[in-house]
Amino acid sequence: MNNVNLSNLSRRRFIAAAGLGAATGLFAPRILFAQETGIVPTMINAAARAKIEVQPLRRDISVLEGSGGNIGVLTGKGGKLLIDSGFTVSRARIAAALDSLSSDPVTQLINTHWHVDHTDGNAWVHSAGATITAHENTKKHLSTSTRVEGWSYTFPPAPAGAIPTIVFDDEHHVHQNDTRIALKYYGPAHTDSDISVLFEEADVIHVGDTWWNGFYPFIDYSTGGSIDGMIRATERNLTIVTNKTIIIPGHGPVGNKAGLTEYHDMLVAIRNNVAALKKQGKSLSETIAAKPTAAYDSKWGQFLMTPAIFTGLVYSGV
Ligand SMILES: [Zn+2]
């Protein structure tokens, strides 16, 4: 497997990663410094400065953007249910955003997968009163030291309070605030711990990092992800949603079936282009030089995953 190192990100991409497109030069030196230390500290530093945007969706469901992955929120008298917990450095701003929605306490947290930008806040959300539910592999990876080669980073075990206490292997159902919530395992996709979270009555689904809306996705081969798994997960998402479904991606703006379809077609086309070049015997650097993503770069290649990095991620799996 070819390790794809994301340490060398341009400052522009970092700011995009943090949702700081309108950033001024005020914090640029810090960001440039952070860039030297790798993607994980960089994401944390970006989250520490990012504003938390609250977007109401449908039927007491909202999304918070600005701290790692998108955070879904269901409000109601029975307590708030959160999907993913962002970075701990955003705690005060996430708590303020949650308070702005309602005064209900947080009682439930669901993790879409184990990655730090979706689970780092688990400990404080748990201490605030939430029971944590996730796929069993999320518990497994958070419980032990886990390396992500693509980030050149080894995560220590998470603190006890951050570990999910309700886990499942295929399917799980939660009932909260007169809302039925269906959790379903994708099988190996972006990692080996990804689940979808469907609010049945509202027809709103959080698909975690199986969808990066508008950006080439990261794929974590170190914990079971692959390009073919990503494509399979996207095909399943397309069978679940209709033109009316509101889709919360792991990263990027809230989207719909048309956007998800375009993403699927991009993944398949690039997979096929890269596979053809690899079959011809081309090395990774020769494959990158052949620009198999060229037709898609202006739309999808402007975030964390550059065309070259994404080509490497696909090359590893074909
Ligand atoms: Zn992820």
Side-chain angles (χ1 to χ4, degrees), residues 3-6 9 13-14 16-19 38-44 46-47 63-72 82-88 90 109-122 132 134-142 146-155 158 162 164 183 185-197 205-227 229-234 237 247-253 255 263 267 300 303-305 309-310 312-314 316-317:
N3 297 333
V4 179
N5 190 318
L6 307 184
L9 295 168
R13 285 201 171 80
F14 251 11
I39 182 69
V40 173
T42 294
M43 287 195 293
I44 294 169
V63 66
L64 310 187
E65 294 180 55
S67 179
N70 290 325
I71 298 172
L82 267 54
I83 305 172
D84 288 343
S85 60
F87 282 110
T88 306
S90 311
L109 168 63
I110 295 166
N111 290 142
T112 59
H113 62 296
W114 80 273
H115 277 159
V116 67
D117 48 330
H118 302 256
T119 60
D120 189 51
N122 276 18
I132 307 175
H135 186 262
E136 60 191 13
N137 288 339
T138 292
K139 178 177 181 176
K140 184 177 96 179
H141 295 309
L142 290 179
T146 303
R147 178 143 182 99
V148 176
E149 287 296 341
W151 292 343
S152 303
Y153 200 93
T154 302
F155 295 89
L183 285 56
Y185 183 47
Y186 283 104
H190 164 76
T191 65
D192 64 3
S193 64
D194 307 288
I195 61 167
S196 56
V197 183
I205 188 168
H206 196 316
V207 297
D209 277 2
T210 66
W211 191 20
W212 293 42
N213 187 10
F215 317 110
Y216 292 141
F218 179 58
I219 303 170
D220 181 6
Y221 285 82
S222 294
T223 59
S226 69
I227 179 63
M230 287 292 271
I231 291 170
R232 273 194 300 274
T234 306
N237 287 335
I247 311 171
I248 305 172
H251 298 273
Y263 170 78
L267 290 181
W300 303 90
F303 189 48
L304 285 168
M305 301 298 113
I309 291 170
F310 186 61
L313 291 172
V314 176
S316 297

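Read the numbers this way: they start at 1 and go in the same order the structure lists the ligands and their atoms.
- Within His115, the N, O or S atom lying nearest to the Zn ion (ligand 1) carries the name ND1.
- At distances below 3.5 Å, not a single donor-acceptor pair connects side-chain atoms of Thr119 with backbone N or O atoms of Asn122.
- Not a single donor-acceptor pair under 3.5 Å links the side chain of Tyr263 to the backbone N or O of Asn213.
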Quiz prompt | Steps toward side-chain hydrogen bond (donor to acceptor under 3.5 Å, both in side chains) verdict (Thr191, Asp194) | solution = CA-CA 6 Å; Thr191 65; Asp194 307 288; 3.2 Å; yes

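- Nearest N/O/S atom of Asp209 relative to the Zn ion (ligand 1): this is OD2.
- Below 30°, between 30° and 60°, or above 60°: for Trp114 and Phe155 the angle between ring planes is above 60°, a perpendicular geometry.
- Taking each heavy atom of Pro164 and Leu142 in turn, the nearest pair found is CD-CD1, 3.9 Å.
- For a distance bound of 2.8 Å, the N, O or S atoms of Asp220 include none lying that close to the Zn ion (ligand 1).
- The Zn ion (ligand 1) is closest to atom NE2 of His190 (considering only N, O or S atoms).
- Among the atoms of His118, no N, O or S atom is found under 2.8 Å from the Zn ion (ligand 1).
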